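Just so you know, these numbers come straight off a predicted model, no measurement behind them.
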Amino acid sequence: MNQVRHQRHDTDLQGDADETRDGPVMVIDTYLPRPGLRSAFLARLADEIHRTGRPAHGDGSGGSRVFRTLDGEAVVVVTEFGSHAEKLRWRGSEAFAAQLQRLRPLLEHALSRSCEPVAADDVPARASRRRPGLMATGDPLPAG
């Protein structure tokens, strides 16, 4: 049986200081379906979203969005959780584990990263010329 390579870069899995953060957490999952199975994976993913009753929210969070890469290879799911604890509750649930088991046969590779919003005032002044608030999509990352 083929094993799916699943890489997790969440430092919180090792009990890092992320556990104490109380702000929103974005989880970016990148799935590489087996060749020719991207449409089947997207259909199964849609079924899973409806099955778990989580079409737009992760534990009362800001929701999830599903994207197809333009190269035709991958599927990216961005889920916002209201807090790190909410993310851990969902990721540790039986429902999430069962969902992964049902999706796994269609996958060749998966990668997951947890992220937090970056406030514009956290960016060095020379790199951000916008007023305080969150950086807008497409803003360049500060150098160095």
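When all heavy atoms are compared, the tightest approach of Asp29 to Ser112 is OD1-OG, 2.7 Å. Taking every heavy atom of both residues into account, Leu106 and Phe41 meet most closely at CD1-CA, 3.7 Å.
Leu45 contributes atom CG, which lies 6.0 Å from atom CG of Leu103 (distance to the nearest 0.5 angstrom). Rounded to the nearest 0.5 angstrom, Ser114 OG and His84 NE2 are separated by 7.0 Å. In this structure, Phe81 CZ and Arg89 CZ are separated by 10.0 Å, a value rounded to the nearest 0.5 Å. The distance from atom CD of Gln99 to atom CG of Asp47, rounded to the nearest 0.5 Å, is 11.0 Å.
At a threshold of 4.5 Å between non-hydrogen side-chain atoms, the residues Leu42 and Val75 count as touching. Side-chain contact between Arg113 and Thr30: absent, with no pair of heavy atoms (C-beta onward) separated by less than 4.5 Å. Between Pro24 and Ser83, every side-chain heavy-atom pair lies at or beyond the 4.5 Å cut-off. Proximity of Val76 to Val66: side-chain heavy atoms (C-beta onward) are nowhere separated by under 4.5 Å. In this structure the side chain of Arg34 never reaches within 4.5 angstrom of the side chain of Pro105, judged on heavy atoms. In this structure, the side chains of Cys115 and Ile28 come closer than 4.5 Å at one or more pairs of heavy atoms. Taking 4.5 Å as the limit, every side-chain heavy atom of Leu88 sits out of range of all side-chain heavy atoms of Trp90. Between Val25 and Glu80 there is no side-chain heavy-atom pair separated by less than 4.5 Å.
Among residues two or more places apart in sequence or in another chain, the side chain to side chain donor-acceptor pair (under 3.5 Å) test is passed with Gln101 by Arg104. Partners of Thr69 according to the side chain to side chain donor-acceptor pair (under 3.5 Å) rule, which considers only residues two or more places apart in sequence or in another chain, are Asp71. Scored by the side-chain contact (heavy atoms from CB on, under 4.5 Å) test, Arg65 finds Phe67 as partners (sequence neighbours excluded).
The pair Glu73-Arg38 fails the salt-bridge criterion, with no side-chain N (NZ, NE, NH1 or NH2) lying under 4.0 Å from an Asp/Glu carboxylate O.
When atom types are taken as modelled, the side chain of Glu86 and the backbone of Gly82 share a donor-acceptor pair closer than 3.5 angstrom.
Follow the hydrophobic side-chain contacts under 4.5 Å out from Met26 and you never reach Tyr31; the two are in separate clusters. Under the 4.5 Å side-chain contact rule for hydrophobic residues, Leu107 and Leu37 share a cluster.
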